[in-house]
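Since the structure comes first, as structure tokens, the remarks are kept for the end.
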Protein chains: 2
Amino acid sequence: MPRRSAVPRRVPAAFAEHAGDRQFATTLARGLEILRCFTPQQPVLSTAELAQRTGLPKPTVSRFTYTLSGMGYLQPDLPAGRYRLGPAVLSLGYPLIASFAFRQVVRPAMEALARQVSGSVSLGLRDRTNMVYVETCRSAATSSFQLSDIGMTHPIAATAIGRAHIAGCSPAERAALLNELRVKTPELWRQHAASVTQALAAFRDKGYCVSYGDLRPGIYALATPIGRLPSRELLVLNAVSPSWTRRAAQFEPTLAPLLLRCAHAIAAQFTA
Amino acid sequence: MPRRSAVPRRVPAAFAEHAGDRQFATTLARGLEILRCFTPQQPVLSTAELAQRTGLPKPTVSRFTYTLSGMGYLQPDLPAGRYRLGPAVLSLGYPLIASFAFRQVVRPAMEALARQVSGSVSLGLRDRTNMVYVETCRSAATSSFQLSDIGMTHPIAATAIGRAHIAGCSPAERAALLNELRVKTPELWRQHAASVTQALAAFRDKGYCVSYGDLRPGIYALATPIGRLPSRELLVLNAVSPSWTRRAAQFEPTLAPLLLRCAHAIAAQFTA
DNA sequence: GACACCGTTCGACTATGCGGAACGCCAGGA
DNA sequence: TCCTGGCGTTCCGCATAGTCGAACGGTGTC
């Protein structure tokens with residue numbers, strides 16, 4: 001009688017919120033979660049590793065890797081049973097990235113700023129509680145600790161670019177966003193709520209936001225909102241630089257004017 | 001008594017080949033097919049349009065858009081019931097694009113070539129029967145007919161970059177690839193088989209491949225293979241330019257040396 | 001050669017996804 | 001104001017597509 005049917009489906013923690021949501025296509029979400037497991041640090045993953053990261057049983061992972069490989073989103077790697085992302089994942093983003101025609105135009109200004117700050121300079125958009133880079137320029141000397149590049153994401157609350165986004169929102173948007181951060185990322189919110197409040201106050205005076213190693217120790221960043229795309233999304237510019245810990249006091253005075261000048265240049269080319 | 005159960009699941013043509021394949025996760029594949037419907041020309045799609053393009057019934061599409069929106073891959077657009085790609089689609093490609101560190105290094109050489117040819121210059125990798133751009137540079141004056149950019153795909157058989165890929169393959173790889181093209185894209189193969197054969201012969205003499213408007217009338221292109229990435233994938237360089245129809249005879253003599261010089265420069269930085 | 005680990009295959013079970021039909025909404029026209 | 005047509009979502013019974021424990025085969029190690 002202890003009917004085996006009681007085996008509860010091992011729901012990955014990430015989708016707990018959708019339990020009982022008949023509208024939510026679990027299989028689709030789980031499959032996409034496979035693709036999300038890969039990182040620059042772990043570009044090749046085995047079935048067992050994917051199973052561990054997603055919380056799915058091995059046979060399920062196996063079926064997904066089979067399907068995703070067939071569609072080009074994964075590529076089998078040697079030794080057998082290991083997978084890398086396939087070039088097809090880039091083609092998913094193409095229609096979106098092609099709609100950002102301004103990227104070509106503003107690159108020189110961003111490259112110049114990247115050289116000036118000896119770091120990386122990016123344009124980002126919001127995705128739920130994250131900022132996603134849609135364009136990135138790096139100075140030749142950038143330490144390759146974590147490579148900034150198109151598609152990189154950072155939590156809004158913990159970063160200068162995220163705080164600048166909040167600052168650039170309308171009051172209504174801002175209220176909704178802050179609430180979303182509080183509810184959906186309580187841990188990050190607890191850590192950074194104070195810095196966020198402070199950043200918003202500072203923004204009113206100075207026109208930019210900062211992060212002094214909030215995401216990663218020793219990495220300092222500045223950011224400022226630029227304007228709205230035709231699709232109404234808010235575009236934000238940042239400049240990130242390591243190695244200012246020894247002269248922290250010089251960081252803002254030196255770089256903030258450069259950032260703001262670049263932002264204005266970009267905004268000008270925008271409306272033009 | 002005409003039991004309704006006979007209702008055959010309306011299988012989208014794209015997955016006909018997987019009918020009865022228990023290993024293939026149809027729901028995942030269908031959901032991803034939704035994302036593939038978007039193009040630069042049609043960046044916003046309604047439920048009805050998605051249903052039409054995928055061949056799926058409206059309620060199914062609705063469930064997928066709900067799921068994909070929740071995950072950030074789609075963004076609801078106004079008026080209600082319309083969708084755009086969300087920034088999260090870019091984050092799927094990040095781990096892959098970050099692994100192409102060479103992009104930063106070779107950009108200047110590519111930009112120079114793009115200016116020289118008054119067109120676009122790209123680096124591409126193979127995805128099944130297509131080439132996918134992993135980096136693109138455009139001259140300022142590029143006619144924006146179809147915007148080359150990261151993630152853009154082109155069929156192998158119909159393009160210079162695809163033919164150059166074939167030329168750069170080992171004999172065993174080439175045999176397998178040509179067979180795959182014949183089987184999986186019979187229509188394209190029929191149209192371009194002769195040009196492919198010709199291109200391979202020409203490659204042995206000259207070291208590059210051409211396409212004189214094979215994909216789109218009036219668009220001429222050159223391409224040459226560069227070398228293997230650490231992951232063993234073959235990297236290929238192309239240069240595309242419109243507006244040479246009036247001086248077709250000048251196209252190759254003028255641009256081919258520039259392309260080859262750029263390719264060698266890139267290859268050098270590679271092995272270094 | 002035994003063992004440990006891993007990835008895939010098998011198969012029974014049923015929860016999950018499916019999709020026709022109904023519903024509610026909105027815009028345009030009479 | 002009331003139709004009408006088109007669209008997107010919701011509903012809900014059905015059965016199929018997904019699930020996952022267990023078994024299997026392959027590989028590397030001691």
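From a predicted model like this one, the values you see are computed outputs, not experimental measurements. Lettering of chains follows the sequences in order, A, B, ..., and the numbering in each one begins at 1. Keep in mind that the numbers below use all heavy atoms, side chains included, and drop hydrogens, waters and symmetry copies.
- Following rounding to the nearest Å, A:Tyr83 (OH) and C:dC6 (P) show an atom-to-atom distance of 15 Å.
- Straight-line distance from the CD atom of B:Gln52 to the C1' atom of D:dG8: 16 Å, rounded to whole Å.
- Comparing D:dG18, D:dC20, C:dT8 by their nearest atom to the side chain of B:Thr26 picks out D:dG18.
- Atom C1' of nucleotide C:dG7 and atom CZ of A:Phe64 are separated by 16 Å, given to the nearest angstrom.
- Donor-acceptor pairing under 3.5 Å is recorded for the side chains of B:Arg84 and B:Gln75.
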I would like to know whether A:Asp127 and A:Thr153 meet side chain to side chain contact (heavy atoms under 4.5 Å, CB included); could you show each step before the answer? CA-CA 9 Å; A:Asp127 166 39; A:Thr153 63; 5.5 Å; no
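- Listed nucleotides D:dG18, C:dC18, D:dG8 differ in distance to B:Arg30; the shortest reach to its side chain belongs to C:dC18.
- Distance CZ (A:Phe24) to P (D:dT10): 15 Å, rounded to an integer number of Å.
- Applying the 4.0 Å criterion to OP1 and OP2 of D:dA17, one finds that A:Thr27 has every side-chain N and O outside that range.
- Remark: P of D:dC7 and CG of B:Leu56 are 17 Å apart, rounded to the nearest angstrom.
- No donor-acceptor contact under 3.5 angstrom links the side chains of B:Thr27 and A:Thr27, judged on distance only.
- Positionally, the nearest nucleotide of DNA chain C for A:Ala48 lies more toward the 5' end than for the other of A:Ala25 and A:Ala48.
- Regarding A:Ile34, its CD1 atom lies at a distance of 12 Å from the P atom of C:dG7, rounded to whole Å.
- Between A:Glu187 and A:Arg190 there is a salt bridge, since a side-chain N of the basic residue sits under 4.0 Å from a carboxylate O of the acidic one.
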Residues B:Met152, A:Leu90; criterion side chain to side chain contact (heavy atoms under 4.5 Å, CB included); working and verdict: CA-CA 8 Å; B:Met152 192 178 204; A:Leu90 297 181; over 6 Å; no
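- For B:Glu49 and D:dG8, the CD to C1' distance is 13 Å, given to the nearest whole Å.
- When the side-chain nitrogen and oxygen atoms of A:Ser46 are compared with OP1 and OP2 of C:dC6, none of them lie within a distance under 4.0 Å.
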Anything under 3.5 Å between a protein N or O and an N or O of nucleotides 9-11 of chain C, put it in a table, one pair a line.
residue, atom, partner, partner atom, Å
C:dT9, OP2, B:Gln23, NE2, 3.1

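- Atom CG of B:Leu50 is separated from atom P of D:dC7 by 13 Å (rounded to the nearest Å).
- Distances shorter than 4.0 Å separate some side-chain N or O of B:Arg63 from OP1 or OP2 on C:dC18.
- Few gaps surround CD on B:Glu180; more than 12 heavy atoms of other groups in view lie less than 6.0 Å from it.
- In this structure the side chain of B:Val106 never reaches within 4.5 angstrom of the side chain of B:Glu135, judged on heavy atoms.
- A distance of 11.5 Å separates OG1 of A:Thr60 from NZ of A:Lys58, quoted to the nearest 0.5 Å.
- For A:Pro57, the side-chain atoms get nearest to D:dC20 when compared with the rest of D:dG18, C:dT8, D:dC20.
- Remark: A:Thr60 is in phosphate contact with D:dC20, judged by side-chain N or O atoms under 4.0 Å from OP1 or OP2.
- For the helix from C:dG1-D:dC30 to C:dA30-D:dT1, the end axes, each set by the C1' atoms of five terminal pairs, are bent relative to each other by 40° (nearest 10°).
- Side-chain contact between B:Ile161 and B:Leu237 is absent, with no heavy atoms from C-beta onward closer than 4.5 Å.
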Would B:Arg228 and B:Glu233 satisfy side chain to side chain contact (heavy atoms under 4.5 Å, CB included), going step by step from the backbone distance to the final call? CA-CA 5 Å; B:Arg228 300 275 175 177; B:Glu233 297 175 294; over 6 Å; no
